[in-house]
Amino acid sequence: MESVNKNYEHIWQTVLAIPVGKVSSYGQIADLAGLPGRARLVGRCMGYAPKEMKVPWYRVLRANGQLAFKAGSSSSLKQTGLLQEEGVAVIKNRVNMNEYRWQPGLDEMLFQLKF
DNA sequence: GCCGTGACGACGG
DNA sequence: TCCGTCGCCACGG
């Protein structure tokens, strides 16, 4: 039915909640969107995000802090640039998650419950 | 409808 | 730390 599109909406909304200068992981977004174990869905979903929605896809990384794209690829370089602009250090295609991981506060969690 | 593919991740080894 | 394996599942061919 329409459940798939619904999931996309939840994922985009969740990514939209990541603050500037912070990052998250595909798995974490999946969990927050109510889709535990569906990290791959989050990744595919990023590419489908409507441009006008301005989803900060570049703030979503792999669980270990690595950028999802191959090091040196144009996509990877673009993502690196966008992150650096926000003050997030990217070293060798990777970010220190302990330092930049977004830890949603209760207020933000409640905001997400709206969907 | 089966099958390979992936912007993933946890768990060994 | 760097692979290989396996679970996951929407998509396109």
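Proteins come first, then strands; the chains are lettered A, B, ... in the order of their sequence lines, and each starts at number 1.
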Check nucleotides 7-10 of chain B against the protein and report each pair of N or O atoms closer than 3.5 Å, with its distance, or say if there are none.
unit_1: B:dA7; atom_1: N3; unit_2: A:Tyr26; atom_2: OH; d: 3.0
unit_1: B:dC8; atom_1: OP1; unit_2: A:Arg62; atom_2: NE; d: 2.6
unit_1: B:dC8; atom_1: OP1; unit_2: A:Arg62; atom_2: NH2; d: 2.9
unit_1: B:dC8; atom_1: N3; unit_2: A:Arg40; atom_2: NH1; d: 2.9
unit_1: B:dC8; atom_1: N4; unit_2: A:Arg40; atom_2: NH1; d: 2.1
unit_1: B:dG9; atom_1: OP1; unit_2: A:Tyr26; atom_2: N; d: 3.4
unit_1: B:dG9; atom_1: OP1; unit_2: A:Gly27; atom_2: N; d: 3.0
unit_1: B:dG9; atom_1: OP1; unit_2: A:Ala63; atom_2: N; d: 3.4
unit_1: B:dG9; atom_1: OP2; unit_2: A:Ala63; atom_2: N; d: 2.8

Can A:Glu9 and A:Met53 be said to form a side chain to side chain contact (heavy atoms under 4.5 Å, CB included), step by step?
CA-CA 11 Å; A:Glu9 274 302 316; A:Met53 216 183 276; 4.0 Å; yes
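- A:Tyr8 and A:Cys45 get closest at one heavy-atom pair: CD2-SG, 3.6 Å.
- Nucleotides of DNA chain C nearest to A:Arg94 and A:Arg38 differ in position, and the one nearer the 5' end is that of A:Arg94.
- Every pair tested for side-chain hydrogen bond (donor to acceptor under 3.5 Å, both in side chains) that includes a residue from residues 36-53 of chain A fails, sequence neighbours excluded, so the list is empty.
- Each of A:Leu16, A:Leu41, A:Leu32 was scored for a side-chain contact (heavy atoms from CB on, under 4.5 Å) with A:Ile11, with one residue passing: A:Leu41.
- Residues passing the side-chain hydrogen bond (donor to acceptor under 3.5 Å, both in side chains) test with A:Thr80: none are found, sequence neighbours excluded.
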Please set out all donor-acceptor pairs under 3.5 angstrom arising from side-chain atoms of residues 81-95 of chain A, sequence neighbours excluded.
unit_1: A:Glu86; atom_1: OE1; unit_2: A:Gly21; atom_2: N; d: 3.2
unit_1: A:Glu86; atom_1: OE1; unit_2: A:Arg59; atom_2: NE; d: 3.0
unit_1: A:Glu86; atom_1: OE2; unit_2: A:Tyr58; atom_2: OH; d: 2.7
unit_1: A:Glu86; atom_1: OE2; unit_2: A:Arg59; atom_2: NE; d: 3.3
unit_1: A:Glu86; atom_1: OE2; unit_2: A:Arg59; atom_2: NH2; d: 2.7
unit_1: A:Asn93; atom_1: OD1; unit_2: A:Ser76; atom_2: OG; d: 2.5
unit_1: A:Asn93; atom_1: ND2; unit_2: A:Phe69; atom_2: O; d: 3.2

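- Distance CD (A:Glu9) to P (C:dA10): 17 Å, rounded to an integer number of Å.
- For DNA chain B, each stem of at least three Watson-Crick or G-U pairs (distances under 3.5 Å) is given as range with range: B:2-6 with C:9-13, B:8-13 with C:2-7.
- Heavy-atom minimum distance, A:Glu99 versus A:Lys22: O-NZ, 3.7 Å.
- With sequence neighbours left out, A:Gln79 forms a side-chain hydrogen bond (donor to acceptor under 3.5 Å, both in side chains) with no residue at all.
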